[in-house]
Number of protein chains: 4
Amino acid sequence: MKEFDKKEAIYDAMLEMIAKYGFHNSPMSELAQKANVAAGTIYHHFKSKDEIICALFVRQKNKLNEVLFKNDDPAKSYKDRFRSFYFHLYEHFTKNPKEFTFLEQFVNSPFIQKMNKDDLHALDQPVYDFLRKAIFTQSLRDLSPKIMTALIMGSTSAIIKLSLSGEYQFSPSDLEAAFLTCWDGIKKV
Amino acid sequence: MKEFDKKEAIYDAMLEMIAKYGFHNSPMSELAQKANVAAGTIYHHFKSKDEIICALFVRQKNKLNEVLFKNDDPAKSYKDRFRSFYFHLYEHFTKNPKEFTFLEQFVNSPFIQKMNKDDLHALDQPVYDFLRKAIFTQSLRDLSPKIMTALIMGSTSAIIKLSLSGEYQFSPSDLEAAFLTCWDGIKKV
Amino acid sequence: MKEFDKKEAIYDAMLEMIAKYGFHNSPMSELAQKANVAAGTIYHHFKSKDEIICALFVRQKNKLNEVLFKNDDPAKSYKDRFRSFYFHLYEHFTKNPKEFTFLEQFVNSPFIQKMNKDDLHALDQPVYDFLRKAIFTQSLRDLSPKIMTALIMGSTSAIIKLSLSGEYQFSPSDLEAAFLTCWDGIKKV
Amino acid sequence: MKEFDKKEAIYDAMLEMIAKYGFHNSPMSELAQKANVAAGTIYHHFKSKDEIICALFVRQKNKLNEVLFKNDDPAKSYKDRFRSFYFHLYEHFTKNPKEFTFLEQFVNSPFIQKMNKDDLHALDQPVYDFLRKAIFTQSLRDLSPKIMTALIMGSTSAIIKLSLSGEYQFSPSDLEAAFLTCWDGIKKV
DNA sequence: TATGAATGAGATTTCATTCAT
DNA sequence: GATGAATGAAATCTCATTCAT
């Protein structure tokens, strides 16, 4: 097995455990078992448990950016492009709840403060750029891209969280309504 | 010191620790020190660490409802009343960041799943009720109150998080713009 | 069992282990067993393994000073007093080889550099003072007390080490000769 | 790189690490790094970590004997020859503190007991022989060569240790006085 | 009720050594 | 012989919880 595979196995196992059990209750011994490696091997690839968790966050954020922009078509209207992001995000995370749960746990924990500010910013750059252009071309309300990102991602995450919790079953028309509520708020009037 | 005071001291100490260091890295021994009680005393008031954390969540949610509805005036328009909620929330949490950070950490962690569904629902009831009435009276878009709560609280939380992170300094007009973005999305057209 | 007893039990167990097996090969788990306490109890009294070792050194140095000056009689000549020290030291350490072996291991290891310089100096103060007075009264050669302490303690330790190693069996006259060799070197001519 | 070079590189790296950090805190992985060899390579040349340490001791003792007797001139008086040894030793070790620190650590640790008695004796033979002849020719006090070696090496080591610790700055006259103190003790009266 | 020393299971991490390449 | 990723036993240390006072 190549180094690449082991690191990936460690990432996958950690993602699953943290999503299920949280940072605590995710001991390294079980991580080793789930990743099918020896405990010591983990420390050959990472300096500490915290380092794994932070590196995993970066990995997942990059994966997320790939997902978001996979089928983006700059020829389309901003509304259509945004709509595509919205539904992609929803679909991806409802199909991969572990990724969502991990990311939300991470950004709401003290871990996020251990991250380098510039690195964090770079991970959000693709989204910022998209929104900046949309604002510049008068497609979106004149608002700081940071605030707009917060508003959009905040409400979208809440929708996904509600869906994953099982508290509410989203029909396609529910989702469309949620999307429009968001869009009507941010669009240029 | 009365029993009441000790419980409160324990709650306050736990809130501060978890906000700063997370659920892990908040050992009971330090909790005892910060709350100025003996380790054993904590176990006279609570069965376990988990119980403290869950009870603390309930305490903070109730406090939050009090804050939200403190100055609500049903005679006013729904827009004004909602505006008041929005600004109250922002002010309260930017002045009490520990409370916000704790709540966000809790609801995004596996702890939330240990809570009784009905209890959870009851804690959100005041907000649901307000929104349900607003929808019924055609002040707000026709959307499930659950979805609407998610959209509103999600975007509001994101704004507060952005502000607390220090990444963006909100001016009064920024906050007004954020409020309007939210309102324009949810209002009945 | 009182706190005092547990700390002492830990010290005694550590002394024995290190003397026999060295700093490495003296695991905390065995220390707990030998001291008849739980592993966690050790950390109730000490911050770390290193702290125990350093505190143990201080304890042993103080014990040693007590031994050295126990029967000192300032009315006697410096030669007689020094002779008494020499034989006391030899007897004490040949009867308590663990104490000797621990001290020698410690002062020759990197641990000694972790100690505070002033604390170290204070532990040697009684011996310095004795020698300073002896030099001042022209009983001993005019030499810095630090150098003289080094010369005396170095040769004495070497004699004890030789004796403990079993490589050489000291007769009373051997010891007397060793003492005189030392004395003839340091006395004022 | 020849096998010879690798072994030497391993020895040098181990010497430095142990002098700085002690036997514990000198892991094989770092040894490999410092010696610029792979971890596995070390095990082609040595059976175990302990074997390296013991072999290193033998290497350093032999080096030391070379240094001691490098410029010995049997035509000179025993006092002059001994004086030469004394100053050579001091100079060599103050210039190569790692060698001194390693040797002192080794002989004061349980490692010394793992060594073969005869091998150990052989390493000290040159010094024993010199002293035996000096005693036989009535240049030195009539004392067992073992005791005399202990007295001399013990006090000399203590002087070097004091100098290396930085606690005392030796002037040439300090060193001369220390030498004379030793010589006056051992010389035949 | 209150205390805080004591517990011991279990957490994270280290490290000497092996072995497939 | 040389490599260095992998191993897993064992090391240090943590911490929720208990219990004698």
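All values below were derived from every heavy atom in this structure, side-chain atoms included, with hydrogens, water molecules and symmetry-related copies excluded. In what follows, every chain begins at residue 1, and chains take the letters A, B, ... in the order their sequences are listed.
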Just the rounded figure in Å: distance from [atom2] of [N] to [atom1] of [X].
X	N	atom1	atom2	value
B:Gln33	F:dA16	CD	C1'	16 Å
A:Leu31	F:dA6	CG	P	14 Å
B:His44	F:dT18	NE2	C1'	10 Å
A:His24	F:dT14	NE2	C1'	15 Å
D:Lys7	F:dG1	NZ	C1'	14 Å
C:Lys49	E:dT14	NZ	P	15 Å
A:Met28	F:dC13	CE	P	18 Å

Original post:
Start at the 5' end of DNA chain F and walk down; is the nucleotide closest to C:Thr41 or to C:Phe23 reached first?
Top reply: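 The 5'-side residue here is C:Phe23.
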Original post:
Where is the tightest heavy-atom contact between A:Met17 and A:Asn25, given as atom of each residue plus distance?
Top reply: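 Closest heavy-atom pair between A:Met17 and A:Asn25: CE-O, 4.4 Å.
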Subject >> Aromatic A:Phe46 / basic A:Lys7 pairing, under 6.0 angstrom, 45° off normal >> reply: yes
Original post:
Does the distance from a Lys or Arg side-chain N to an Asp or Glu carboxylate O, for D:Asp12 and D:Arg59, drop under 4.0 Å?
Top reply: yes
**OP:** Name the orientation class of the two ring planes belonging to D:Phe102 and D:Phe23 (parallel below 30°, tilted from 30 to 60°, perpendicular beyond 60°).
**Re:** perpendicular
Original post:
How do D:Lys47 and C:Gly40 order along DNA chain E: which one's closest nucleotide is nearer the 5' end?
Top reply: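 Closer to the 5' end of DNA chain E: C:Gly40.
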